[in-house]
Amino acid sequence: MHILVITGSAHTNGTSFCLADHFTKGAKEAGHSVSRFDAALKKVHPCTGCDSCRETGRGCVFKDDMEELNRLLLDADAVAFVSPIYYYGMNAQIKTVIDRFYANNSLLKGAEKKAVLLLTYGDETDESAEGAVASYKGMVTYLEWEDAGIVSARGCYVLDDIIHTDYPRQAYELGRGIES
Ligand SMILES: Cc1cc2nc3c(=O)[nH]c(=O)nc-3n(C[C@H](O)[C@H](O)[C@H](O)COP(=O)(O)O)c2cc1C
């Protein structure tokens, strides 16, 4: 199966990239092919809700790195969303990408895909992640995809905090266990 990993953080040596890397390692060891889109390192304009995509049928008016992601997205059997928590939600870079799914709603909705969510955040309670988890679950339900699992890594501000926890192993197992 082909798995697409979408990350949100700009920290290439941070906590969420650590989970993305472990998830990818597990998925590859299980024989899956994995592609990756690091949203913070790409140029993706926010959706302005102009509805041109729906009115003209010619896709989004913004011709940017989302075109690269769209090809990967339509091809993927599973999508991993990997984000740090910023102010009780997924960060802006990954949310910008998700909003741009809108131009391809008709192709994405009802497509046979799985999804996973990997989150990292500093707080010691789950409260900080509740908004992101609700947003992810709502999106997956709307798109009629299947939620294949969530890793919610609390108490992790920086890489040093996460590498000695069980979360990287959980991300690895999630990647290794994902099935078509
Ligand atoms: C702008 C900003 C907002 C944040 N908001 C929260 C928050 O609401 N709750 C929390 O627990 N941690 C919050 N954090 C901490 C990050 O989630 C945490 O440092 C995370 O591990 C960063 O992931 P990264 O290393 O992959 O970038 C915030 C960090 C930043 C920079």
Side-chain angles (χ1 to χ4, degrees), residues 3-30 32-48 64-66 68-69 72-73 76 78-101 113-142 145 147-178:
I3 301 174
L4 169 63
V5 175
I6 307 176
T7 68
S9 180
H11 296 141
T12 55
N13 204 24
T15 58
S16 54
F17 271 44
C18 171
L19 292 190
D21 291 346
H22 279 81
F23 173 84
T24 299
K25 185 169 187 285
K28 284 185 173 168
E29 284 182 17
H32 304 302
S33 62
V34 180
S35 53
R36 179 152 164 169
F37 188 89
D38 294 317
L41 309 179
K42 302 283 186 181
K43 293 259 181 292
V44 179
H45 195 286
C47 175
T48 60
D64 54 21
D65 289 339
M66 197 64 197
E68 172 197 338
L69 181 64
L72 299 171
L73 192 56
V79 182
F81 297 89
V82 189
S83 181
I85 293 294
Y86 279 8
Y87 283 95
Y88 298 87
M90 288 188 229
N91 81 340
Q93 290 90 336
I94 196 165
K95 185 61 169 62
T96 298
V97 161
I98 293 169
D99 288 353
R100 291 280 297 276
F101 286 10
K113 292 189 200 296
K114 296 187 184 230
V116 304
L117 178 66
L118 308 175
L119 297 172
T120 59
Y121 48 103
D123 285 352
E124 292 291 348
T125 67
D126 289 340
E127 194 190 346
S128 272
E130 284 171 2
V133 170
S135 170
Y136 162 79
K137 286 188 172 169
M139 171 184 68
V140 168
T141 301
Y142 169 74
W145 296 0
D147 171 28
I150 298 173
V151 174
S152 184
R154 62 189 189 194
C156 299
Y157 273 109
V158 291
L159 185 63
D160 253 12
D161 298 329
I162 200 166
I163 49 180
H164 303 299
T165 69
D166 189 49
Y167 297 123
R169 188 196 63 78
Q170 290 177 26
Y172 169 84
E173 295 296 345
L174 189 56
R176 190 160 169 80
I178 200 162

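Order of listing sets the numbers, starting from 1, for every ligand and every atom in it.
- Between Tyr87 and ligand 1, a contact under 3.5 Å exists for at least one N or O pair.
- For atom 26 (O) of ligand 1, the closest heavy atom belonging to the protein is Ser16 OG, 2.5 Å.
- When hydrogens are left out, the protein atom nearest atom 25 (O) of ligand 1 is Thr15 N, 2.9 Å; that is the closest non-hydrogen contact.
- Considering only non-hydrogen protein atoms, atom 9 (N) of ligand 1 sits nearest to Ser128 OG, 2.9 Å.
- With values rounded to the nearest 0.5 angstrom, Ser35 atom OG is found 4.5 Å from Leu72 atom CG.
- Not one N or O on the side chain of Asp65 forms a donor-acceptor pair closer than 3.5 Å with the backbone of Lys42.
- For Lys137 (side chain) and Asp147 (main-chain N/O), no donor-acceptor pair under 3.5 Å exists by modelled atom type.
- Atom 22 (C) of ligand 1 has its closest protein heavy atom at Pro84 CB, 3.6 Å.
- Residue-ligand proximity, Tyr88 to ligand 1, at heavy-atom distances under 4.0 Å covers atoms 8 (O).
- Among all non-hydrogen protein atoms, the one lying nearest atom 12 (N) of ligand 1 is Gly122 N, 3.3 Å.
- In terms of protein heavy-atom proximity, atom 6 (C) of ligand 1 is nearest to Ile85 O, 3.4 Å.
- Ranking protein heavy atoms by distance to atom 2 (C) of ligand 1, first place goes to Tyr86 CD1, 3.5 Å.
- For ligand 1, the atoms sitting less than 4.0 Å from at least one non-hydrogen atom of Ser9 are 24 (P), 26 (O), 27 (O), numbered in the order shown with element in parentheses.
- Geometrically, Arg36 does not engage Phe23 in a cation-pi contact defined by less than 6.0 Å to the ring centre and at most 45° from the axis.
- The CZ atom of Phe81 lies 3.5 Å from the CE atom of Met139; values are rounded to the nearest 0.5 Å.
- Closest to atom 11 (O) of ligand 1, if we only count protein heavy atoms, is Asp123 N, 2.8 Å.
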Would you please test Lys25 and Asp21 for salt bridge (Lys or Arg N to Asp or Glu O under 4.0 Å) and show each step?
CA-CA 6 Å; Lys25 185 169 187 285; Asp21 291 346; over 6 Å; no
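- Atom CG of Asp161 is separated from atom OG1 of Thr120 by 10.0 Å, given to the nearest 0.5 angstrom.
- Only the backbone of Cys156 comes within 4.0 Å of ligand 1, counting heavy atoms alone; no side-chain atom from C-beta on gets that close.
- With no hydrogens or angles considered, no side-chain donor-acceptor pair links Tyr121 and Thr15 at under 3.5 Å.
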